[in-house]
Amino acid sequence: MTTKYLFFTGGVVSSVGKGVTAAALGLLLKERGFKVAVQKLDPYINVDPGTMSPYQHGEVYVLDDGAETDLDLGHYERFIDNRLTRVSNFTTGQVYAETIAKERRGDYLGGTIQVIPHITNEIKRRIGLVSKETGAEIVILEVGGTVGDIESQPFLEALRQLRNEVGRENCLFVHVTWLPTIGATGEIKTKPTQHSVAALRSIGISPNIIIARADQDVEKSLCEKIALFCDVERDSVIPMKTADVLYEVPLLLEKMGVGDLVLRKLNLKAERQPNMQPWEKLVADVRKPKPSVKVALVGKYVELQDAYMSVREALKHAALANDVEVEIGWVHSADLEKEKGWDVVKQADAVLVPGGFGSRGIEGKILAARYARENKIPYLGLCLGMQVMCVDFARNVLDLEEANSSEFDRGTKHPVIDLMIDQRSITDMGGTMRLGLYPCMIQPNTKTARAYAVSNIEERHRHRFEFNNAYRAEFEKHGMVFSGVSPDGRLVEIVELADHPYMVASQFHPEFLSRPMKPHPLFVGLIKAAKERAEK
Ligand code: GLN
């Protein structure tokens with residue numbers, strides 16, 4: 001079968017929910033029996049988001065093969081429940097780096113290297129890799145940013161060319177826009193959408209489907225107006241009011257017939273009817289009134305919750321599995337150092353310290369781990385959250401004064417967390433951490449083993465520092481259990497406290513493998529312990 005392409009562009013504003021919409025549509029197509037692949041094209045010049053501040057970019061989502069990618073890939077994996085690879089995300093930075101490397105090698109000998117055709121060719125080559133690698137029948141491709149941005153122009157030009165190369169009948173352009181409301185009159189405006197479609201058409205692309213996002217119900221007459229002004233068929237303007245439950249988006253799209261619309265426009269026949277029942281049940285369960293548990297999330301990017309996107313979703317999945325609601329209390333770890341924010345920690349049924357880099361707020365995280373340990377509050381540490389749990393244990397149980405991670409105190413007398421040997425000679429920052437899937441063996445008769453109920457696992461990593469084995473025996477003597485280690489026994493992957501209801505932490509990032517219908521065992525364990533505590 002020829003590969004079919006669904007190109008998603010965004011209009012009016014960024015963060016309009018393009019990624020979620022694309023992911024939800026991917027699910028509807030997968031449910032109809034198609035092999036679906038996804039790809040996100042990011043217009044920024046960084047080679048990947050790995051070197052960007054979470055404040056700038058939100059979470060860095062890590063794949064099995066260690067690719068550091070855009071957080072939209074998390075939506076794709078959670079909705080479509082597939083495992084993506086490196087080809088699923090590329091940036092302008094990668095496109096230029098590759099093209100310039102070729103030029104230096106002399107591949108273009110004599111030629112002048114230009115955006116068209118050299119950059120656009122490299123973009124098309126990378127798009128082609130997806131169907132080659134996955135054998136997908138339908139490729140969903142999302143262009144990051146907003147139409148009209150200088151940066152995204154080469155991407156859109158490449159798509160325009162690709163449309164002619166693979167045939168118009170094999171491509172659909174889906175434009176996701178935003179309809180603002182004027183506060184004083186409550187009137188919904190379509191003009192920005194018209195302008196964004198005009199911008200798209202000026203590059204030679206006419207959208208086939210417009211998804212009109214809004215915070216309110218969008219009347220049919222408004223959709224007709226958009227269809228008229230934007231030269232789109234009437235049934236192809238889809239109003240999409242902001243959903244209060246994220247996982248309802250596929251159901252809303254299905255109800256509006258978008259799955260069938262796409263197939264009709266691509267001239268495809270579904271192999272089977274979609275079974276959306278599990279998703280309906282999921283959404284109904286989310287809506288059902290339930291008792292709630294409070295989790296204090298102690299991090300340093302808490303002003304921007306996107307920085308903890310997968311952690312937040314994983315908590316929701318685990319709460320659902322435990323038949324409770326999760327209320328997340330966002331705590332700035334630096335506040336804890338200044339005696340602020342403790343009320344949230346003290347009222348919490350569980351404490352979670354997520355991953356992070358750099359020394360700002362680190363003492364606050366160590367204090368949070370200490371508080372959870374001393375007060376027997378369920379605790380889950382993710383990567384840095386495991387490291388601070390070990391630092392607290394060293395300082396306050398083993399009495400190793402000034403114990404630290406050498407990330408924060410290079411000259412510490414007790415580097416209980418230290419740079420991994422294979423990281424010592426590395427000088428480049430980008431893409432050089434221990435990244436991606438690594439195996440881990442679980443020690444029987446531990447809380448970790450009870451949570452996982454299997455003995456061999458593989459989880460996604462993103463770190464440079466590790467537990468220092470010189471301290472293992474001493475830690476064990478005092479009640480720290482190394483409940484997960486690498487198969488060669490060399491790397492500590494999971495720790496837990498013996499004398500505590502649930503103080504578990506991992507060097508990897510379990511949040512990346514949590515799915516709405518397959519909640520992650522370590523998160524389920526945390527919420528279960530939190531629920532037991534709340535009930536007491
Ligand atoms: N900064 C720590 C390290 O590099 C933890 C990384 C993380 O939490 N992802 O090991």
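The first residue of the sequence shown is numbered 1, and numbering continues consecutively from there. First listed ligand is number 1; within each ligand, the first listed atom is number 1.
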Of the protein's non-hydrogen atoms, which lies at the shortest distance from [atom], and what is that distance?
| atom | value |
| --- | --- |
| atom 5 (C) of ligand 1 | Gly356 O, 3.4 Å |
| atom 10 (O) of ligand 1 | Phe465 N, 2.9 Å |
| atom 7 (C) of ligand 1 | Cys383 SG, 3.0 Å |
| atom 1 (N) of ligand 1 | Glu407 OE1, 2.7 Å |

Where's the contact between Arg462 and ligand 1, heavy-atom distance under 4.0 Å: side chain, backbone, both or neither?
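Answer for Arg462: backbone.
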- For ligand 1, which part of Glu466 has a heavy atom less than 4.0 Å away: the side chain, the backbone, both, or neither?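 The answer is neither; Glu466 stays 4.0 Å or more away.
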- Task: Say whether, by atom type as modelled, one donor and one acceptor occur between the side chain of Asn375 and the main chain of Ala372 under 3.5 angstrom.
- Result: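 Checked: no pair found.
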* Counting only N and O atoms by type, is there a donor-acceptor contact under 3.5 Å from the side chain of Ser333 to the main-chain atoms of Gly364? ->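 Not confirmed, Ser333 side chain does not pair with Gly364 backbone.
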query = What's the verdict on salt bridge (charged side-chain N to carboxylate O under 4.0 Å, His left out) for Lys18 and Asp72, showing C-alpha distance, side-chain angles and the deciding distance?
reply = CA-CA 9 Å; Lys18 207 172 0 128; Asp72 274 338; over 6 Å; no
Donor + acceptor pair across side chains of [X], [Y] (<3.5 Å):
| X | Y | answer |
| --- | --- | --- |
| His332 | Glu303 | yes |
| Glu122 | Thr99 | no |
| Glu511 | Tyr61 | no |
| Arg126 | Gln94 | yes |
| Ser486 | Glu493 | no |

Original post:
Are any of the heavy atoms in His509 under 4.0 Å away from ligand 1?
Top reply: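 Heavy atoms of His509 do come under 4.0 Å of ligand 1.
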Worksheet item: What do you reckon, does Gln387 put a non-hydrogen atom under 4.0 Å from ligand 1?
Response: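 Gln387: in contact with ligand 1 (<4.0 Å).
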inquiry  = Under 4.0 Å from a heavy atom of Arg464: which atoms of ligand 1 are those, numbered in the order shown and with their elements?
reply    =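 Going through ligand 1 atom by atom, the ones under 4.0 Å from Arg464 are 3 (C), 4 (O), 10 (O).
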Could you list which atoms of ligand 1 come closer than 4.0 Å to a heavy atom of Gly355?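 Going through ligand 1 atom by atom, the ones under 4.0 Å from Gly355 are 8 (O).
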Exercise for the section: Output yes when the distance from some N or O of ligand 1 to some N or O of Leu382 is under 3.5 Å, and no in every other case. Expected result: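 N/O-N/O distance below 3.5 Å does not exist for this pair.
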Exercise. So is Met433 polar-close to ligand 1, meaning N/O to N/O under 3.5 Å?
Worked result: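 Among all N and O atoms of Met433, none is under 3.5 Å from an N or O of ligand 1.
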